[in-house]
Engineer: 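Okay, here's the structure, questions in a sec.
Being a predicted model, the structure only gives us computed values, none of them experimental.
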Amino acid sequence: MLYIGSNMTSVIKCVIVLFFAAVTAGMDTIPEDEKHSEITNSSIMAIKPWESTHRLSPYVRPQQYFINLYPNLQQGSFVGSVNITIILDTAQSYIKLHSKELNITETKLNSSSVTAFSYPENDFLVVVPNEELSAGEYKLQISFEGSLLEKPLGFYRSSYNDTKSHKQHYIASSKFEPTYARLAFPCFDEPQLKSKFKISLTRPSGNNYIALSNMNQESEEINVPTNGLTTVHFANTVPMSTYLACFIVCDFQSLEPVKADQGFPLTVYAKSGQTENMKYAQQVGIKAINYYVNYFGIQYQLPKLDLIPIPDFISGAMENWGLVTFRETRVLYNESNSSIDDQEAIAFIIAHELAHMWFGNLVTMKWWNDLWLNEGFATYMKFKASQVVHPDWDVDTSFLIHSLHSVQDEDSKLHSQAIVPDVTKLQRISTMFNSISYSKGSSVLRMLEGILGKEVFRIGVSAYLKRFAFNNAETDDLWTELQTVAPNTVNVKKVMDTWTRQAGFPVVSAIRNGTKLTLKQQRFLSDPNTNSSIDPSPYDYKWEIPITYTTSTNNTLHEIWLSKDEDSFTIDIPDSEWIKLNHRQVGYYIINYSERDWCLLNNLLEKNVDALSAADRSNLLYDAFSLAKANYLPYAIALNTTKYLSLEHHYVPWEVAYTNLQTLSEHLYQRPAHKNLERYIQHLLESITEDFWNDSSDRNLLQRKLRAVIFKLGCSYGLPRCHTKAYELFKRFLDDKIQPHKDIRYTVYYYGMSMGNDSEWNRLWDIFLNEQDPEEKEKLRDALTASKETLILTRLLQLARNESHVSSRDYFKIISQINLNSIGNQFVWDFLRDNWKSLVDRYSRDNWQLRRLIPLVCSRFNTQARIGEMNIFFDKHPVPVDEDDERKIALESVSDNIKWLEKHEAVISNWFINVI
């Protein structure tokens with residue numbers, strides 16, 4: 001019980017209610033009827049009808065929040081009040097809303113005190129009036145207290161050290177998605193319960209403190225009597241979901257605002273000394289927001305837009321409407337320190353978050369099962385906007401490595417999920433923030449755009465946003481709007497349901513017989529021998545597949561359909577021609593050619609590397625290795641696709657090759673065949689004649705990224721000249737403070753330290769502690785994990801527990817990075833088994849970084865003994881059945897590794913020996 005009315009009558013009422021609750025504790029709960037109830041106040045308390053569902057009532061709707069918050073930065077606590085105007089569509093015996101870890105000090109309904117009870121199982125605050133409430137409008141007033149210190153979620157305190165005085169500065173910030181607004185204020189914390197928000201924040205009056213929220217500041221008042229505090233009042237918001245609200249009190253500085261074409265200001269903020277490093281973010285932001293306004297044909301809906309990096313931010317970024325928050329390393333760009341990878345990542349993340357101003361903020365999914373409508377669209381649109389910001393980046397080709405390939409690797413597992421799954425439990429919501437929602441969502445949108453055409457797709461998307469503006473939508477609503485502009489030959493829902501409402505994706509076999517090429521489909525699984533019937537699909541794991549292709553004699557793009565209702569489809573092609581299917585890998589599927597066709601394509605590239613686009617070359621490499629790993633194709637054929645690489649001049653195919661060769665390396669971890677892999681890669685790289693040591697500033701993004709990946713590959717696989725150069729540059733950095741070129745700096749730090757000694761590690765640690773630039777600090781942090789000495793790695797984990805050295809979020813980064821070290825896998829596995837309970841106690845089992853550690857670490861295991869160790873660990877530290885997906889994936893992955901070695905190790909080793 002969190003609050004009882006202050007008068008004696010209320011106290012007596014409380015005792016009576018508790019008596020009824022105790023007497024009837026053994027009674028079964030009754031189904032909740034939110035439309036109408038004649039239940040009395042006392043029996044409501046006894047029967048507890050709110051236990052029957054995890055959802056709020058659709059018949060109780062917030063219309064307006066008035067929120068007042070005062071964060072005490074020094075004490076690490078906050079007090080607040082919220083006045084919510086609510087509409088009851090039907091009579092109600094009680095009102096439930098969300099509240100978590102808040103101390104409710106007073107609750108009133110229409111200015112009269114009422115009883116409020118906490119139901120922690122579903123984060124409910126249940127308000128029980130003295131009598132049944134008829135339909136109509138009510139004012140719910142709640143006062144509360146909370147802590148800023150518990151975790152970097154909800155409303156919390158963050159800190160940073162001043163670069164000059166080294167004094168610690170505190171700020172208050174918020175992170176509410178998906179279900180953490182309830183940690184900051186009692187609210188109806190579901191996306192479909194949109195409302196307006198009138199927010200007031202109290203800040204310290206001095207020391208350059210400011211308060212920021214979603215809307216522009218309307219006024220401020222110095223508190224009376226004077227207590228060193230100022231309350232800032234913000235304009236009322238447009239209707240929006242609770243998870244998009246944002247509260248910040250900080251002593252940050254800002255750059256001069258830049259006006260968008262629409263006329264509103266875009267302002268960037270940062271802590272002292274970092275505002276200049278927000279200039280690039282501001283430049284990208286203004287170009288991206290102007291592009292979106294033009295593309296969607298819909299104005300940005302707020303009077304201002306702010307971008308701000310937050311120290312110790314748990315996510316990459318958060319799309320709070322009008323006040324977008326970022327992790328520092330994802331948005332600060334320093335011309336001297338930031339690599340081309342950093343620049344690309346910053347452009348992508350800003351473009352992603354600003355796309356949310358339409359997808360997610362203006363139109364929001366009704367429930368979290370449709371999260372992909374937010375994240376899939378924002379992920380896809382970021383590539384479109386980035387291409388406008390940087391036309392020379394060839395972003396569509398880069399899409400393959402940034403989005404499509406990584407998610408297909410995950411989606412090929414038996415335990416993958418559909419883009420639109422069933423999310424019925426609160427605990428499942430956080431698991432929706434995964435690569436299926438983001439990357440698969442974006443990939444199927446790219447495919448759909450390929451089907452409809454760019455302009456038809458744009459018109460349909462714009463219609464969807466206009467139709468559901470300031471409202472909520474479901475996946476079928478998108479299909480309906482797109483269907484209105486789609487060609488009559490395309491049934492959008494029929495096609496797209498097969499891609500969004502079942503897990504996985506198809507492999508299309510292209511079987512040649514003379515002049516006939518027959519196409520057949522089946523579900524692609526990393527282990528095709530597994531039984532997919534244990535998780536049946538309404539579409540029987542068949543898809544409506546848009547097939548595209550070109551041939552050696554006809555560059556025209558051909559388009560056909562392979563329907564889920566057809567066993568096969570046959571096309572005519574001259575016997576002597578090569579054929580390339582899935583043009584630019586726009587389709588979310590894999591092609592398995594006959595051995596002869598693979599040979600024709602490999603020979604083609606060895607003779608003329610530009611006969612196919614970089615996207616198509618990347619596609620061939622990716623498909624071949626994916627098929628070989630899953631036993632659809634002999635590994636010799638996949639490895640043959642790499643023989644042309646010494647001629648490859650585009651970054652993306654090299655990155656695909658690097659990723660797949662790294663996968664081979666992981667499979668061959670600590671096996672004799674690994675040496676043969678190293679020799680082959682060294683052989684490939686030695687034939688490249690370009691001078692990668694020349695730090696020319698004339699290189700464009702693709703050339704700079706190509707240089708970086710070649711150097712990284714050489715260091716990873718022991719190419720002597722790369723190792724020598726890395727250590728030489730590393731020593732120059734330690735001894736003479738001469739930094740390596742920013743594009744290869746990460747590789748120099750990491751591999752230089754891997755060859756370094758204890759003294760050099762200590763010097764690097766000191767440099768890390770004193771480094772103030774977040775991106776540079778991140779590079780140094782990862783380099784510290786490269787040591788080959790277990791005593792040093794043990795020392796690192798001990799030092800990193802001190803949050804004045806390493807944030808709690810980065811602590812997991814350090815563990816993950818150590819795992820990648822050649823000696824680190826066993827080290828981290830032992831560490832996790834010895835310290836799992838303390839990690840759970842410190843970070844909670846729901847922490848996504850902690851949850852992902854187990855499948856990450858176990859992904860390198862390849863023996864039955866390891867499976868035994870894993871099962872012992874899982875038995876010792878059980879989790880609920882609906883939360884064990886990561887553990888199932890981990891066990892499945894190790895089983896796959898064992899089977900892989902049995903089948904492929906000898907063949908691969910012999911191939912390397914014969915080719916070199």
Side-chain angles (χ1 to χ4, degrees), residues 383 394-413 416 435 439-440 442-444 446-447 450 504-510 521 523-526 528 545 547-550 578-593 595 597-602 604-605 609 611-645 648 650-667 681 684 702 705-706 709 713 896 900 904 908:
F383 291 98
D394 191 10
V395 171
D396 186 65
T397 300
S398 296
F399 179 92
L400 303 182
I401 55 175
H402 288 300
S403 204
L404 195 153
H405 292 170
S406 59
V407 73
Q408 282 196 331
D409 291 342
E410 184 172 327
D411 204 19
S412 67
K413 303 292 186 184
S416 184
S435 63
S439 297
K440 185 176 181 180
S442 66
S443 297
V444 299
R446 178 171 175 260
M447 179 173 63
F505 61 94
V507 52
V508 177
S509 299
Q521 67 164 298
R523 183 183 182 183
F524 181 81
L525 289 167
S526 58
I545 308 175
I547 302 289
T548 56
Y549 67 93
T550 57
W578 57 257
I579 182 170
K580 169 61 180 67
L581 293 143
N582 196 6
H583 181 64
R584 296 190 60 81
Q585 203 173 358
V586 172
Y588 189 75
Y589 51 87
I590 280 177
I591 297 291
N592 189 11
Y593 301 93
E595 185 168 343
D597 283 308
W598 279 112
C599 185
L600 285 172
L601 291 166
N602 289 338
L604 172 69
L605 294 183
V609 69
L612 298 175
S613 69
D616 283 321
R617 301 195 297 270
S618 303
N619 180 199
L620 291 175
L621 286 162
Y622 176 78
D623 281 7
F625 275 94
S626 299
L627 290 161
K629 183 180 178 182
N631 301 322
Y632 292 87
L633 187 71
Y635 250 103
I637 294 176
L639 290 166
N640 283 338
T641 64
T642 67
K643 289 161 66 174
Y644 91 96
L645 281 171
E648 181 57 72
H650 195 287
Y651 153 69
V652 173
W654 265 113
E655 186 65 37
V656 175
Y658 174 83
T659 300
N660 284 285
L661 291 170
Q662 279 292 92
T663 300
L664 278 186
S665 177
E666 291 293 317
H667 279 301
I681 295 173
L684 272 181
L702 295 172
K705 287 176 78 70
L706 175 62
V709 75
L713 195 61
D896 288 346
W900 188 94
H904 301 299
I908 290 172

Engineer: Return the set of residues passing side chain to side chain contact (heavy atoms under 4.5 Å, CB included) with Ser403 (not counting sequence neighbours), or none when no residue passes.
Structural biologist: Thr379, Phe383, Phe399, Ser439, Ser442, Ser443
Engineer: Is there side-chain contact between Val508 and Leu581, with heavy atoms separated by less than 4.5 Å?
Structural biologist: no
Engineer: Check step by step if side chain to side chain contact (heavy atoms under 4.5 Å, CB included) holds for Tyr622 and Thr641.
Structural biologist: CA-CA 10 Å; Tyr622 176 78; Thr641 64; over 6 Å; no
Engineer: What I'd like to find out is whether the side chain of Asp623 reaches to under 4.5 Å of the side chain of Phe524, using heavy atoms alone.
Structural biologist: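 Asp623 vs Phe524: side chains apart.
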Engineer: Indicate the atoms forming the closest heavy-atom contact of Ala614 with Pro653, along with that distance.
Structural biologist: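 The answer is O-CG, 3.7 Å.
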Engineer: Do Asn640 side-chain atoms and Ala636 backbone N/O form a donor-acceptor pair below 3.5 Å?
Structural biologist: yes
Engineer: Could you check whether any side-chain N or O of Thr642 sits under 3.5 Å from a backbone N or O of Leu639, counting only pairs where one atom can act as donor and the other as acceptor?
Structural biologist: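 Yes, because the side chain of Thr642 sits within donor-acceptor range (under 3.5 Å) of the backbone of Leu639.
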Engineer: Are the side chains of Tyr651 and Ile401 in contact, using a 4.5 Å heavy-atom criterion?
Structural biologist: yes
Engineer: May I ask you to decide if Ile545's main-chain N or O and Tyr589's side chain share a donor-acceptor pair within less than 3.5 Å?
Structural biologist: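 No: the side chain of Tyr589 does not pair with the backbone of Ile545.
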Engineer: Could you walk me through whether Leu621 and Asn660 pass side chain to side chain contact (heavy atoms under 4.5 Å, CB included), step by step?
Structural biologist: CA-CA 8 Å; Leu621 286 162; Asn660 284 285; 5.5 Å; no
Engineer: For the side-chain hydrogen bond (donor to acceptor under 3.5 Å, both in side chains) test, which of Asp597, Thr548, Asp616 pairs with Lys580?
Structural biologist: Asp616
Engineer: When rounded to the nearest 0.5 angstrom, what distance separates OG in Ser435 from CG in Leu404?
Structural biologist: 11.0 Å
Engineer: Side chains of Asn602 and Lys643: does their closest heavy-atom pair fall under 4.5 Å?
Structural biologist: no
Engineer: Under a 3.5 Å distance rule, please check whether Lys440 uses its side chain to pair with a backbone N or O of Gly504 as donor and acceptor.
Structural biologist: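 Between the backbone of Gly504 and the side chain of Lys440 there is a qualifying donor-acceptor contact (under 3.5 Å).
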Engineer: What heavy-atom pair brings Ser618 and His405 nearest, and what distance separates the two atoms?
Structural biologist: O-CE1, 4.2 Å
Engineer: Residues two or more places apart in sequence or in another chain: which of them pass side chain to side chain contact (heavy atoms under 4.5 Å, CB included) with Val586?
Structural biologist: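 Arg446, Arg584.
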Engineer: Looking at OH of Tyr658 and OG of Ser665, how far apart are the two atoms once the value is rounded to the nearest 0.5 Å?
Structural biologist: 8.5 Å
Engineer: Supply the atom-to-atom distance Glu595 CD to Leu600 CG, rounded to the nearest 0.5 angstrom.
Structural biologist: 11.0 Å
Engineer: After noting the C-alpha distance and the side-chain angles of Leu713 and Trp654, does the key distance pass the side chain to side chain contact (heavy atoms under 4.5 Å, CB included) rule?
Structural biologist: CA-CA 9 Å; Leu713 195 61; Trp654 265 113; 3.6 Å; yes
Engineer: Going from CG on Leu604 to CG on Leu612, what distance comes out if it is rounded to the nearest 0.5 angstrom?
Structural biologist: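 CG of Leu612 is found 5.0 Å from CG of Leu604.
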Engineer: Are any of the side-chain heavy atoms of Glu666 and Thr663 separated by less than 4.5 Å?
Structural biologist: no
Engineer: With side chains defined as the heavy atoms from C-beta onward, is the minimum distance between Leu633 and Trp598 less than 4.5 Å?
Structural biologist: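 Leu633 reaches Trp598 side chain to side chain.
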Engineer: Let me know which of Leu645, Leu605, Val656, Leu601 forms a side-chain contact (heavy atoms from CB on, under 4.5 Å) with Arg617.
Structural biologist: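 Option passing the side-chain contact (heavy atoms from CB on, under 4.5 Å) with Arg617: Leu605.
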Engineer: Under 6.0 Å between ring centres: does that hold for Trp900 and Tyr635?
Structural biologist: yes
Engineer: Is there side-chain contact between Leu620 and Tyr644, with heavy atoms separated by less than 4.5 Å?
Structural biologist: no
Engineer: Quick check: closest heavy atoms across Glu648 and His650, and the distance to 0.1 Å?
Structural biologist: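 Glu648 and His650 have their closest heavy atoms at OE2-N, 2.9 Å.
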Engineer: Mark yes or no for whether Thr659, through its side chain, and Glu655, through its backbone, hold a donor-acceptor pair below 3.5 Å.
Structural biologist: yes
Engineer: With side chain to side chain donor-acceptor pair (under 3.5 Å) as the rule and sequence neighbours excluded, what pairs involving residues 625-634 come up?
Structural biologist: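 Output for this query lists Asn631-His904.
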Engineer: Side chain to side chain contact (heavy atoms under 4.5 Å, CB included) for Asp896 and Lys413? Distances and angles first, verdict last.
Structural biologist: CA-CA 10 Å; Asp896 288 346; Lys413 303 292 186 184; 3.7 Å; yes
Engineer: Can you label the angle between the Phe505 ring and the Tyr588 ring as parallel, tilted or perpendicular, going by 30° and 60°?
Structural biologist: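 Ring orientation of Phe505 relative to Tyr588: perpendicular.
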